**Q** 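Okay, here's the structure, questions in a sec.
Lettering of chains follows the sequences in order, A, B, ..., and the numbering in each one begins at 1. If you're wondering where the values come from, they're calculated on a predicted model, not measured in any experiment.
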Amino acid sequence: MRGAFAAAVIDWQRRAGRHDLPWQRPRTPYRVWVSEVMLQQTRAETVIPYFARFTARWPDVPALAAAGREEVLAAWSGLGYYRRAIHLHEAARRIVERHGGALPRDLEALAALPGIGRSTAGAILALAWGEPAPILDGNVRRLLARWHAVEGWPGRAAVACRLWALAEGHLPRRDVAAYTQGLMDLGATVCTPRRPACAACPVAFGCEARRRGDPCAYPAPAPRRRRPRRRTRMLVLRRGDGRVLLARRPPAGVWPGLWSLPECAPGDDPEAWCRVHLGFAARTEAVLPTVRHAFTHFELEIEPLLLTVEGAAAVGEGQVCWVGGEETQGLALPAPVRAILGRIGA
DNA sequence: CAAACGTGGAA
DNA sequence: TTTCCAAGTTT
């Protein structure tokens with residue numbers, strides 16, 4: 001029965017889905033967009049406080065477009081995948097310039113904006129306007145892979161292509177917003193990766209993976225690869241007035257454009273490193289506890305070292321600054337750096 | 001197509 | 001402790 005899947009999802013969403021997420025009230029295109037970008041590879045519970053602060057400060061596209069990149073990054077600090085913030089900001093400016101300040105109601109125009117791919121574009125169209133556009137995020141991937149018992153890892157183009165076609169095929173003619181929200185709610189709360197609650201699932205009636213006895217066999221897991229471990233040394237250079245030296249990271253790579261602590265190789269003599277690279281003397285005060293930080297593709301072991309700087313050492317312009325106390329709240333700092341500074345009370 | 005890109009929570 | 005992985009996009 002074609003359409004039975006969508007009908008059941010829509011009915012379930014109205015009865016048991018989520019209706020009180022911050023981006024659902026009010027549900028404007030701008031708020032849908034910001035939330036979708038924040039939610040890329042990020043759980044809703046993590047996003048909620050960031051979304052609240054972000055939209056309170058920049059309630060619409062023109063406000064965001066008028067903001068500075070620095071403050072947008074600072075508002076993103078701790079959320080991860082910082083390129084998203086840069087893209088979001090850049091897209092806001094482009095929307096003001098080329099679309100009169102309103103998000104385009106068009107799949108191609110949306111996907112042409114930085115940070116908006118096919119799935120996010122579809123989500124904006126479906127949730128904000130009820131346009132019949134499919135999405136394919138982790139939830140929908142899992143839901144459809146199970147319902148149709150799709151073999152293969154969705155990272156492979158052929159499998160992804162199949163899933164997109166299935167997503168397209170299930171789209172209802174009406175109630176697209178409730179349907180789309182229902183897919184994500186189902187994936188997040190019922191059709192979970194580990195222990196799906198099939199007894200509570202409104203589409204269990206037609207689920208092929210369940211009929212075969214092992215829903216968790218779908219989708220096939222990604223090929224394994226081990227995560228290398230890297231080590232680095234971060235220097236907490238503290239001045240007499242309590243201020244600490246931060247250095248801006250390059251615009252590409254890890255933590256683009258964020259402020260971090262000066263780094264040297266674990267084997268280097270930190271005091272000599274300071275003289276050579278910063279041009280002033282510092283005395284080693286203490287070795288701080290190691291901070292382990294797990295990235296997606298590698299694990300970082302950070303050995304923080306506390307050093308005292310005599311006098312008010314000056315350093316070059318621009319890419320370096322001395323900060324202290326409340327100031328660090330307004331800066332874009334990577335999570336582990338925030339942890340290290342918090343530990344010494346800076 | 002593979003790799004890069006953060007972080008935190010759960011098993 | 002280790003591993004997985006979550007409302008993906010870009011290069």
Side-chain angles (χ1 to χ4, degrees), chain A residues 17-18 21-24 31-51 73 76-88 90-91 110-124 126-128 134-143 153-161 163-164 167 180-189 191-195 216 219-229 249-258 260 291-300 302 332-339:
Chain A
R18 297 176 291 188
L21 293 166
W23 39 92
Q24 297 176 312
R31 291 164 62 84
V32 169
W33 170 41
V34 172
S35 69
E36 285 302 324
V37 172
M38 286 188 170
L39 286 161
Q40 288 168 3
Q41 302 287 282
T42 311
R43 296 173 183 282
E45 313 84 74
T46 305
V47 165
I48 287 172
Y50 284 88
F51 178 84
L73 264 181
W76 209 271
S77 177
L79 198 50
Y81 285 132
Y82 298 95
R83 215 70 56 95
R84 293 183 296 173
I86 294 167
H87 285 153
L88 193 71
E90 176 56 31
L110 282 171
L113 292 166
I116 301 182
R118 185 173 175 186
S119 189
T120 299
I124 294 170
L127 295 174
I135 65 170
L136 191 61
D137 55 26
N139 289 316
V140 179
R141 227 170 5 243
R142 185 168 58 252
L143 215 54
W153 175 50
R156 293 172 55 90
V159 179
C161 193
L163 290 169
W164 271 111
T180 301
Q181 185 64 47
L183 290 179
M184 297 189 287
D185 290 353
L186 261 184
T189 66
C191 193
T192 52
R194 300 301 174 81
R195 302 211 175 179
C216 291
R224 294 198 168 191
R225 63 184 71 108
R226 55 174 26 270
R227 198 167 51 187
R229 196 171 60 210
R249 297 187 55 87
V254 173
W255 300 326
L258 272 64
S260 186
V291 173
R292 303 184 68 176
H293 191 73
F295 288 87
T296 308
H297 293 286
F298 64 94
E299 186 172 314
L300 190 61
I302 305 170
L333 304 174
V337 171
R338 215 172 260 296

**Q** Any side-chain heavy atom of A:L163 within less than 4.5 Å of one from A:P154?
**A**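 A:L163 reaches A:P154 side chain to side chain.
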
**Q** I'd like the P distance from B:dA11 over to C:dA7, given in whole Å.
**A**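 After rounding to an integer number of Å, I get 15 Å for this pair.
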
**Q** Less than 4.5 Å apart, any side-chain heavy atom of A:I48 and any of A:W23?
**A**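 The answer is yes; the side chains approach within 4.5 Å.
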
**Q** For A:L113, which contact category applies under a 4.0 Å heavy-atom criterion: base, sugar-phosphate, or nothing?
**A**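 Touches sugar-phosphate only.
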
**Q** Return the value, rounded to whole Å, for the distance between atom CD1 of A:I86 and atom C1' of C:dT10.
**A**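 In whole Å, C:dT10 C1' and A:I86 CD1 are 13 Å from each other.
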
**Q** Respond yes when some side-chain nitrogen or oxygen of A:R142 is under 4.0 Å from OP1 or OP2 of C:dC5, and no when none is.
**A**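 It does not, given that no N or O in the side chain of A:R142 lies less than 4.0 Å from OP1 or OP2 of C:dC5.
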
**Q** What does A:A222 touch in the nucleic acid at a heavy-atom separation under 4.0 angstrom: a base, only the sugar-phosphate, or nothing?
**A**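 Touches nothing.
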
**Q** When the distance from CH2 of A:W33 to P of C:dG8 is rounded to whole Å, what number comes out?
**A**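 So the two atoms are 18 Å apart, to the nearest Å.
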
**Q** Take atom C1' in B:dG8 and the same atom in C:dT10, then report the distance between them in whole Å.
**A**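 So the two C1' atoms sit 24 Å from each other.
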
**Q** Just the rounded figure in Å: distance from C1' of C:dT1 to CZ of A:R292.
**A**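 In whole Å, C:dT1 C1' and A:R292 CZ are 8 Å from each other.
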
**Q** Distance-only, no hydrogens or angles: does the A:R249 side chain make a donor-acceptor pair with backbone N or O of A:S260 under 3.5 Å?
**A**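 A pair under 3.5 Å: no.
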
**Q** May I ask you to say what A:A123 touches in the nucleic acid, namely base, sugar-phosphate or nothing, with a heavy-atom cut-off under 4.0 Å?
**A**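 A:A123: no heavy atom of the nucleic acid under 4.0 Å.
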
**Q** Ring-plane angle category for A:W255 and A:F295, please: parallel below 30°, perpendicular beyond 60°, tilted otherwise.
**A**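 Aromatic pair A:W255/A:F295 classed tilted.
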
**Q** Quick one: label A:T120 by what it contacts on the DNA or RNA (base, sugar-phosphate, nothing), any heavy atom closer than 4.0 Å.
**A**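 Sugar-phosphate, no base atom in range.
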
**Q** Quick one: A:I124 CD1 to C:dT9 C1', roughly how many Å, whole number?
**A**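 Roughly 13 Å, once rounded to whole Å.
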
**Q** Answer yes or no: is there a donor N or O on one side and an acceptor on the other, between the side chain of A:Q24 and the main chain of A:R18, under 3.5 Å?
**A**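 Yes; at least one donor-acceptor contact below 3.5 Å.
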
**Q** For a quick test of reading the model: is some side-chain N or O of A:Q41 closer than 4.0 Å to OP1 or OP2 of C:dG8?
**A**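 Yes, because at least one side-chain N or O of A:Q41 sits under 4.0 Å from OP1 or OP2 of C:dG8.
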
**Q** Quickly work out the A:L183 CG to C:dG8 P distance and round it to whole Å.
**A**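 Those two atoms, CG and P, are 13 Å apart.
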
**Q** Does A:I116 or A:L39 map to a spot on DNA chain C nearer the 5' end, using the closest nucleotide for each?
**A**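 Nearest nucleotide further toward 5': that of A:L39.
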
**Q** Considering heavy-atom distances to DNA chain B, does A:A158 or A:S77 have its closest nucleotide positioned more toward the 5' end?
**A**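 Counting from the 5' end, the first nearest nucleotide belongs to A:A158.
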
**Q** Among C:dA6, C:dA7, C:dT10, which nucleotide has an atom closest to any side-chain atom of A:R43?
**A**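 So the nucleotide nearest the side chain must be C:dA6.
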
**Q** For A:V254, which contact category applies under a 4.0 Å heavy-atom criterion: base, sugar-phosphate, or nothing?
**A**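 If one applies the 4.0 Å heavy-atom cut-off, A:V254 turns out to touch the sugar-phosphate alone, with no base involved.
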
**Q** When you get a sec, tell me which of C:dC4, C:dG8, C:dT10 is the closest nucleotide to the side chain of A:R224?
**A**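 Among the listed nucleotides, the one closest to the side chain of A:R224 is C:dC4.
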
**Q** Ignoring hydrogens and geometry, is there a side-chain-to-backbone donor-acceptor pair from A:Y82 to A:V254 under 3.5 Å?
**A**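 No, because the side chain of A:Y82 does not come within donor-acceptor range (under 3.5 Å) of the backbone of A:V254.
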
**Q** Quick check: on DNA chain B, is the nucleotide nearest A:G155 upstream (toward 5') of the one nearest A:R194, or the reverse? Name the residue that is more 5'.
**A**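 Mapping each residue to its closest nucleotide by heavy atoms, the 5'-most match is A:G155.
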
**Q** Which nucleotide wins on minimum distance to the side chain of A:P193, given the candidates C:dA7, C:dG8, C:dA6?
**A**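 It is C:dA6.
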
**Q** Write down the atom of A:P336, the atom of A:I302, and the distance for their closest heavy-atom approach.
**A**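 Smallest interatomic distance, heavy atoms only, reads CB-CD1, 3.8 Å.
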
**Q** So A:P114, base contact, sugar-phosphate only, or nothing? Heavy-atom distance under 4.0 Å.
**A**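 Sugar-phosphate contact only.
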
**Q** Counting any heavy atom closer than 4.0 Å, what does A:S119 reach on the DNA or RNA strands: base, sugar-phosphate only, or nothing?
**A**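 Sugar-phosphate, backbone atoms only, no base.
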
**Q** Crowded around A:R229 CZ? As in, over 12 foreign heavy atoms under 6.0 Å?
**A**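 No.
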
**Q** Touch check for A:R118, heavy atoms < 4.0 angstrom, all strands: base, sugar-phosphate only, or nothing?
**A**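 Sugar-phosphate: the residue A:R118, judged by heavy atoms under 4.0 Å, touches backbone atoms but no base.
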
**Q** Need one value for A:G78: base, sugar-phosphate or nothing, where a base atom within 4.0 Å counts as base even if backbone is also close, heavy atoms only.
**A**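 Counting heavy atoms under 4.0 Å across all strands, the contact made by A:G78 is with sugar-phosphate only.
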
**Q** Just how far, in rounded Å, is P of C:dA7 from CG of A:L143?
**A**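 So the two atoms are 11 Å apart, to the nearest Å.
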
**Q** Measure OH/A:Y81 against P/C:dG8 and give the value in whole Å, please.
**A**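 It is 10 Å, rounded to the nearest whole Å.
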
**Q** For a quick check of understanding: with a heavy-atom distance under 4.0 Å over all strands, which category does A:P336 fall into, base, sugar-phosphate or nothing?
**A**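 Here A:P336 touches the backbone only, sparing every base.
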
**Q** Would you say A:R156 has more than 12 foreign heavy atoms packed within less than 6.0 Å of its CZ?
**A**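 No, not enclosed.
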
**Q** Just the rounded figure in Å: distance from C1' of C:dA6 to CG of A:L79.
**A**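 One finds 12 Å between C1' of C:dA6 and CG of A:L79, rounded.
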
**Q** Please state the C1' separation for the pair C:dA6 and B:dG6 - nearest whole angstrom.
**A**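 That atom pair is separated by 12 Å.
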
**Q** Pick the P atom in B:dA3 and in C:dC4, then give their distance to the nearest Å.
**A**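 My reading of the P atoms in B:dA3 and C:dC4 gives 16 Å.
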
**Q** Go through DNA chain B in 5' to 3' direction and return only the first and the last nucleotide with some atom under 4.0 Å of chain A's heavy atoms.
**A**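 Contacts span B:dC1 to B:dA11, reading 5' to 3'.
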
